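So that the names make sense, note that chain A is the first sequence line, chain B the second, and so on, each numbered from 1. The model shown is predicted, which means the values in this text are computed figures rather than measured ones.
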Amino acid sequence: MATHLPRPDHIRDPEWDKRPSPGKGNLHPHASPDDHLHTEYYTINMGPSHPATHGTVRFELTLDGETVVEIDPHIGYLHRGFEKMSEVCTYNQVLPYTDRLNYVSPLCNNVGWSMTVEKALGITTPDRCQYIRMIACELSRISDHLTAVSAGALELGGFTPFLYGIQAREIVWDRIEELTGARLTTAYTRVGGLNADIPAGWEESVDNARKQVEKLVVDVDKLLTRNRIFYDRMAGVGAIAAADAIDLGFTGPCLRSTGVDYDVRTYAPYLLYDRVEFDVPVGTSGDNYDRYLVRLEEMRQSWRIIAQCFAQMEPGPISVGDWKVVLPPKDAVYNTIEGMIAHFKLIMEGVRVPSGEVYGYVEGGNGEVGFYVVSDGSGRPWRVKVRPPCFALMQGLRAMTRGALLADIIPTFDTINMIGGEIDR
Amino acid sequence: MLMVILAALLKFAAIVLGFVMVLATLLTLIERKQSALMQNRTGPNRAFVFGKNPLSAFVGQLIADPVKVLLKETFDPPHADTWLHRLAPGLAFIPALLMWVVIPFGPGPVPGAEGDNFFLMADLDAGVLVVFAIASLSVYGSTLGAWASRSAFSLLGGLRTAAQMVSYEVTLGLNLVGIFMIYGSLNLNDIIWAQAGYDAATGFQNAYFLGFIPKWGIITQPFAFIFFLAASIAETKRAPFDLPEAESELAAGYFTEYSSMGFAVFSLGEFIGIVVVAALGATMFLGGWHIPGLPIELTAAGQPVIASLATWLSVAAFLFKVVLLVLLQMTIRWTLPRFRYDQLMHLGWVYLLPLSLANVAITAFVLFLTR
Amino acid sequence: MSQAVVQAIIARFPDAVVSSHDWRGDDTVVLRREHLLEVARFLKHDDAMQFNLPVDVCGVDYLGWREPRFEVVYHLMSLVKRHRVRLKVQLDEADLRVPSLTGVWKGVDWFEREAWDMYGIVFDGHPDLRRILTYEEFEGHALRKDYPQRGYQPLMPMPTLSSDLE
Amino acid sequence: MATVTVRRRELDFWEKTYVKEVGRGLAITFRQLTKNLLTREDVATREYPEVRRKYPERFRGRHRLMRREDGTVRCVACMLCSTACPANCIHIVAGEHDDDRVEKYPVSFEIDLLVCIYCGFCEEACPCDAIRMDSGKHPLPSFTRDMQRIRKHQLLEEGGLSVAEQGGRSK
Amino acid sequence: MPTLKIDGREVTVERGTTILDAARKVGIDIPTFCYHPGLTKPANCRMCLVDTNKAPKPTPACYAECMDDMEVSTQSPEIVKTRKAVLEFILLNHPVDCPICDQAGECVLQDHYFKYSATPSRLAHKKVHKPKVKRLGPDVVLDAERCILCTRCIRFCDEVAKETQLEIVNRGEHSEITTFPGKQLDNPYAGNTVDICPVGALTSVDFRFRTRVWMLQSSDGVCPECSRGCKTRTDVFENVPRRTKPLHNPRVNDWWMCDEGRLAYRDYQALPRMEGPAAQVEGKRRVVTNVEAIEAAALELGAVAQRQKIGVVATPWFTNEDAWLVAELLRGPLAGARIYLGGRADGTADEILRMADKNPNRAGVEAIFEAAGLKAAPLSALDTAGLEALLVFGDQHALDEAGLEKLERVPRRVVVSAFQTPLWKMATTFLPARTHFEKVGTFTNFEGMVQRLEQAVNAAASCKSYGYYAMKLAELMGHTISFVRPEDVFAEVARTVPGFAGMTWQGLAPYGMKLGEGVAPAEPPTLPQAAPPAAPTEA
């Protein structure tokens, strides 16, 4: 660590619990590294319009020179009332809105939502559907991690690795577009199945994408990983201990970077994750560098999973055949009154979910994406609560950056990978 | 006297406007094109002026950029000190131009001989010191602009600028000490002649090591060159030392609140600064206008045709070296991430400064042994 | 599967539990408000429980469906034992207070702020109960069922559509 | 399935001097620079209006309304699309057709593209193959909001013939 | 009193009760098509078949009466299969018409198929074609292909409307509904056939293709077109009423309403609405703000020193709450004014539902005025001689030219109305009012049934209810009454008007209460102390 400034131990701050509620003049007694100097704190607003606060967030920073004395993140700038809107939408109509939660890995959200509703319905989708969902999820995860890694490079001034990463993400998104018809606003899954089967020749297309992406990721890796400037900016910065991370509700790569191997895919295998081989990368110190390395490794594991899914997949139906859940085939709709009625009922009223409450969760790009759904038995949810992984991560930002330098907020905030759409809903 | 001043002014105008300004303007575009190609992009190619071809787009872009910048609204932040706010870009810009007065573009008469170097505006014995004297002024522009903007981010940027430039100027200067010691002069013109193998005492001799390696500063002072390069990038506030304007932290640092011409002048000043340090580097470490293998006597004497041909070739060589260094700087800028503020200071004071001092000491020791 | 957790809670705190169910495999315990804090501490610190990961906290409004009107729902998980549980506390509209669990899990901090913001549920003992997704000037609590789908706010004045005597 | 710890080495001496990694980085960027000067193989950007990407078959673009074999619009104004639309961007006014076999047709059919989220639910909901999103065209920019409300005739201009059998009548 | 078991649940019912009714009593739903509680039971659709231990074959639940020791099963595999078969049979020749069928969304066939079958079609042949758009009468269109021949419409005409106009012709799969030769489905209750048609065979010309039913927002109301006060539902789309349907109220209208009331909503859209308050500014009538107009009205009325020189025209279109607030105004600041009760002229009446009095709330207004000690003369006795100011509520007054002329002779004319009528033209101060679609309140029908009215449509901000204006005028003239919600006013009505005693706002749901039906008050009703007439204000 190349730093000459005394750095407070931000692994565990014993004063945390005794801390008075933040307000000007109520600052942490040990926050200033230069107590012997007479310095005045000053407050600046970083964001909501600031190059680094992508996703629109505002940090209310109290600084001592360049040292962060107190950081108070203000979220909500992207609050769209997703949960309120969901209450008047049918279960399928909520789906396009889930695209906009974590908008760099929309398919994970799609799958999570559909699976939650399916859990409430008590149905299981056919194997082929599950394999395709897994592929979709993993592609999404790759695009998410590419975004996090390359945007991190950009924020540290590395414009070139950023563009290499984005170029790789474009390639992944093009494959997603071939599958779903849109790069980002996928709206691909449906309750009880999928919108469509994989297109012809897509397997090959994904394989080509893998080769191109891996080539670009190697360049990014070479440009960043062992570079001392990058290393110094990342290593030891924004570190958090495993116990604190868990206590703060961390999940996903950020929790794994601390050494905890919690991954929904292995802890509670959903879809068919128990039929594929993959490793869960974990870090050791929970700092930014570990989060970066974990993400790089997870991308490799995702490609592994995708390859296995393609190998194991067999032809078959992609939806449960029940007309009370999924729309009848178009031919039946056009030409028989039976299909037409089922079609009408599903569009007008939506899938009727039995009265009750479920919590469905999947491993999203940032960790556990949960949907808590309360159903009153009608075609529209009574209450939808999203459990966005970066909500918990963002409340950890304070623990991770207090006492650090202004510039350290940037990589830490980036490796948290806050997604405005998800955190603000 | 009047004639001398007039001639100097004309020379200044010709060189600065004809070369520096053009190069700096070109650089704004070249940098974009170059970075684009490095990043698998195409870069600007839309502003066609005559026909749809790359050259047309290139020229068009050169015209479009200033036009666009000029047409932007000039914005003074509320509560800012308007006059200082408007003055600051000029303060940052002019020193960068002034530094050119002591940099020789081409060969003149042999040191000690009669006559002026046509390619040099002011042949000063303390040339390098002038460069430093003027360079240290440019920090005022940045800090003043930052302070006058009345913005927290600007102020932080301004403070960083001051600290960074003060710190790295020391290193920058120290790394040239070795050169002075080896070539025995502070006069830039003399240093180039010395690199070309001219010895004031003995005339032309011992021009090359091993018969083909020129006695340039980069050969005699390799570490100093690397340190100089690092320090010079830091001086021009370019990545990876672009802390003062660190985009992701401080929006745009000291010129966050600038728009229109103020912004343009700041960034043009920055590009001129790049050319200046590249020219300084070329002069100090790459033998200035010296072309290895081309006997330098040719420029000084003999037939006028050959002499002028050799002279102009040398000028071209100098420009080539400058451009090369500029491109190197830009490649570095687009390759590396940015330091953190404390790391930058650490690097400057803990590594570069002692190493530079050591370099000076070793150089002195070696010189002591060899002479 | 982990019905054991529910049984353990019922066995340990017979007075605390109002009801429990495990619909679709989600183990749920409805607790009395007074016992929430001790159950939470038990769940976190007991060796057989070890619920160390606070997954989610949210409010639910049952206006026009059930009584009492509000519920606070906690989702907890144990990374050690790999089990999950859902705790619920039912709240009456007149007395919308529940003890804050920030002293047990730091991670519920923002989630509780969100529940306050969206439903107006007061978490007693929360160190910093401010609005989080909406802004300070926001009137009302947006996710309540009686907050209109198209609500208007003082900072965003729009025509009022009331059926009041006018 | 296993848990692997990510490889994390301290920097070695040469890496610590910056020089090695700077050199390696410069090598990569310089390689791309020269390569892109010579070929356009790696260049990811496209010169948009002239060179257009071929959209995949499933691409959801601007909507279009399909025609019957006699050229009339297939849409019967059942409004399932506007029902399924999560964004409420489809506005249809139905009218009674003189022809008894058609009975109902859309007098006006407007889609507000500024509101549309391109989810494709309208296409999925259409019970008579009338609305499709496979035009392969982007929504275009415009100077007024009103121009983004595309009308029936605009939707029909894009539309082709649909021969999907419908109503079971031919059987 | 037979006791039987339905799906294992024991129930004791009156002798003669059908299995269907018994099942619904214990909350078991048996699907039906042809059965309608207000009509006779032909048991021809076979949808309600249930298994009983009293018959070897499935029994139609809508027709079979309960017997002792009966064990009924509505969910046995046999019945599930039977229902699927019935549905398949009914759908066999049903056209693929949902997209163009107005019934989609409230179609019993759709509901039952989706709930009880949801299996694909096995039809391999052509469907039978029948006439598609066949006008049966002025407001009813028949699509014979969609008809499932439940005969509800035929029975309705015969049994309720008492005019035999419909019949079935042809046999087997060619059967279809038609009118008797030379007849039309034109009885004044014909619209009800559309309501009771379980499928989209009968559709209303008025509503046809206007909008889709699942997009409508409904609110309960009371039909104001005659003093019967049928309970209705107003269906609104995009803030415009699209249709009116009768709701079941056994105490007023059973399941029915007349076409006159059904289609009246169109008249309110056809009439030009007046939303701008107007007042005299410097001798000319200008559009002003609401507050300014109310102040102007208060000045005009206040300028008349002698209250006897003020004439007030009340309207039986007041809700009870309006009437009470107006009564407060008339009892307080305008005490002594000459009061007339206007309203529409009498129209046709019949034995079924329609009443001659075409106003919704005459009984209520009269009761409230009486309780307030006000005496209202009929508008036919209008005498404006000597009046210096006039306050006219409402727009639908039976006023001829002469009557209008009489009104116009009064120098100050304050008019409160919703539409552009001759009254609006002659007003010196005009206050825009709300229509009954835009109000919350209660109406009292001719028998004294008090029923609640929900707001169906959002009004323009400038339009207020009559009661609001009365309240504000009274306030400006020195008698402060302050209420926010109509519920609160109703509570006052219940407290102070004898007939309403004991009624509560909640207690009015769902079928309303009759005057005098509430519990008698513990203490005699006391009217709030009325303020003495305010001193005349300088105009």
Side-chain angles (χ1 to χ4, degrees), chain A residues 85 89-90 92-97 99 160 163 167 170 174 177-182 185 187 195-196 199 219 222-223 226-231 235 257 259 261 266 274 276-285 289-290 293-294 296-297 327 330-331 333-337 340 343-344 347-348, chain D residues 1-12 14-22 24-25 27-29 31-32 42-45 53 55-61 78 80-81 83-87 117-121 123-129 133-134 164-171:
Chain A
M85 281 194 287
C89 288
T90 64
N92 269 327
Q93 276 180 327
V94 175
L95 194 87
Y97 292 134
D99 294 342
T160 305
L163 283 172
Q167 193 183 345
E170 289 296 301
D174 283 351
E177 188 183 29
E178 282 166 17
L179 177 68
T180 68
T185 54
N195 184 19
D219 278 351
K222 277 188 190 161
L223 279 171
R226 306 301 297 165
N227 187 323
R228 178 164 176 195
I229 302 175
F230 183 75
Y231 186 87
S257 75
D261 66 343
T266 55
D274 45 356
V276 291
E277 283 279 316
F278 65 99
D279 298 330
V280 179
V282 298
T284 43
S285 58
Y289 195 64
D290 268 344
L293 290 178
V294 164
L296 275 187
E297 183 58 32
L327 294 176
K330 281 282 181 186
D331 182 55
V333 176
Y334 295 160
N335 291 310
T336 69
I337 182 66
M340 182 65 89
H343 185 83
F344 258 74
I347 301 277
M348 291 184 305
Chain D
M1 254 168 279
T3 302
V4 293
T5 307
V6 286
R7 208 154 44 95
R8 174 177 173 136
R9 283 181 290 115
E10 284 298 312
L11 300 177
D12 62 25
W14 285 109
E15 283 164 350
K16 273 191 177 168
T17 58
Y18 296 99
V19 180
K20 179 181 165 191
E21 284 302 315
V22 171
R24 200 150 82 129
I28 289 171
T29 46
R31 185 193 76 206
Q32 289 306 119
D42 279 2
V43 175
T45 47
R53 193 162 71 94
Y55 290 122
E57 224 170 89
R58 285 185 190 169
F59 175 77
R60 294 195 295 266
C78 71
L80 271 198
C81 48
T83 306
C85 179
I117 58 170
Y118 296 89
C119 61
F121 279 18
E123 195 180 14
E124 189 181 84
C126 184
C128 46
D129 192 32
M133 295 182 77
D134 59 357
E165 216 168 74
Q166 192 195 341
R169 289 205 175 121
S170 58
K171 272 192 193 169

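- Taking chain D as the reference chain and counting heavy-atom pairs below 4.5 Å, the highest number among A:Asn195, A:Leu179, A:Ile337 is found for A:Leu179.
- Pairing each heavy atom of A:His343 with each of D:Ala125, the nearest pair is NE2-O, 2.6 Å.
- Taking both residues in full, the closest heavy atoms of A:Phe344 and D:Cys78 are given as CZ-CB, 4.2 Å, listed atom of the first, atom of the second, then distance.
- In this structure, the portions of A:Tyr289 lying under 4.5 Å from any heavy atom of chain D include both its backbone and its side chain.
- Between chain D and the options A:Asp261, A:Leu223, A:Ile347, the largest number of non-hydrogen pairs under 4.5 Å is found for A:Ile347.
- The parts of A:Glu177 that come within reach of chain D are both its backbone and its side chain, each placing non-hydrogen atoms under 4.5 angstrom from that chain.
- For the atom pair A:Glu178 CD and D:Glu57 CD, the distance stands at 10.5 Å (nearest 0.5 Å).
- Residues D:Arg53 and A:Glu170 are not paired through a salt bridge, judged by the lack of any N-O separation under 4.0 Å between the basic side chain and the carboxylate.
- Among all heavy-atom pairs drawn from A:Ala187 and D:Cys119, the shortest one is CB-O, 4.1 Å.
- With chain D as the partner, the residue from A:Asp219, A:Leu327, A:Thr160 showing the most heavy-atom pairs under 4.5 Å is A:Asp219.
- Looking at D:Arg60, its side chain does come within 3.5 Å of a backbone N or O of A:Thr180 through a donor-acceptor pair.
- With sequence neighbours left out, A:Asp99 forms a salt bridge (charged side-chain N to carboxylate O under 4.0 Å, His left out) with no residue at all.
- Put simply, the side chain of A:Gln93 gets close to the backbone of D:Thr83: a donor and an acceptor are under 3.5 Å apart.
- Heavy-atom pairs under 4.5 Å with chain D peak, among A:Thr284, A:Leu296, A:Thr185, at A:Thr185.
- Both the backbone and the side chain of D:Phe59 come within less than 4.5 Å of a heavy atom in chain A.
- We find the NZ-CZ distance between A:Lys222 and D:Arg24 to be 6.5 Å, quoted to the nearest 0.5 Å.
- Of all the heavy atoms in D:Glu123 and A:Lys330, the pair that sits closest is O-NZ, 3.3 Å.
- Here the closest non-hydrogen pair linking A:Tyr334 and D:Cys126 is CE2-O, 4.1 Å.
- The CD atom of D:Glu124 sits 7.0 Å away from atom CG of A:Asn92, with the distance rounded to the nearest 0.5 Å.
- If you tally non-hydrogen atom pairs under 4.5 Å between each of D:Ala84, D:Ala27, D:Ala44, D:Gly61 and chain A, the highest count goes to D:Ala84.
- Partners of D:Asp42 by salt bridge (charged side-chain N to carboxylate O under 4.0 Å, His left out), not counting sequence neighbours, listed by chain and number: D:Lys35.
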